[in-house]
Amino acid sequence: QVQLVESGGRLVQAGDSLRLSCTASGGTFSNYAVGWFRLAPGKEREIVAADAWNGITRYYAESVKGRFAIRRDNPKNMVYLQMNDLKPEDAAVYYCAARNSRMMSISGDDYNYWGQGTQVTVSS
């Protein structure tokens, strides 16, 4: 059983940068692919970025490509989401997720473990 705890969300201005962190415990972190998802009011949950177990195979949603970067540190059981040039439409609750596979997935249904979420608010 893996526990995930996100941190780093806060209120920022458009154009600012922010780094979200996700701390994992309870498993061998390198056995799990990870992903960042977000949920905004009135919208469906969407994948932001995903990373396979080795940090080499990655996926980014088109809306964040070139602005966001996912990075994992397996020895530290951490995964990060660096967000640059934030836009008001990036405002959401961001969730870290892990799945019982080393292969990444862009479907939230494939993830077995979820954090509690961290709020990112972007003012224009």
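- Going from atom OG of Ser17 over to atom CE of Met83 covers 9.0 Å, rounded to the nearest 0.5 Å.
- Both Tyr60 and Val34 are part of a single hydrophobic cluster, where members link through side-chain heavy atoms under 4.5 Å apart.
- Put simply, the side chain of Tyr80 never gets that close to the backbone of Ala69: no donor and acceptor are under 3.5 Å apart.
- Screening Asp16, Asp85, Asp90 against Arg67 for a salt bridge (charged side-chain N to carboxylate O under 4.0 Å, His left out) leaves a single residue, Asp90.
- Rounding to the nearest 0.5 angstrom, the gap separating the CG atom in Asp51 from the CZ atom in Arg58 is 4.5 Å.
- Panel note: side chain Gln116, backbone Glu6; a donor-acceptor pair is recorded below 3.5 Å.
- Checked options Ile47, Val64, Leu81; the residue passing with Arg38 is Val64 (criterion: side-chain contact (heavy atoms from CB on, under 4.5 Å)).
- Checking side-chain atoms of Arg102 against main-chain N and O of Trp53 turns up no donor-acceptor pair under 3.5 Å.
- Note on ring orientation: taking the six-membered ring where Trp is involved, the planes of Tyr113 and Tyr32 are perpendicular (angle over 60°, cut-offs 30° and 60°).
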Decide side chain to side chain contact (heavy atoms under 4.5 Å, CB included) for Gln1 and Gln3; before the verdict, give the C-alpha distance in whole Å, the side-chain angles of both, and the deciding distance to 0.1 Å. CA-CA 7 Å; Gln1 189 78 6; Gln3 292 81 44; 3.4 Å; yes
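- Between Leu4 and Tyr95, the closest side-chain pair of non-hydrogen atoms is not below 4.5 Å.
- No donor-acceptor pair under 3.5 Å is formed between the side chain of Asp110 and the backbone N or O of Ser105.
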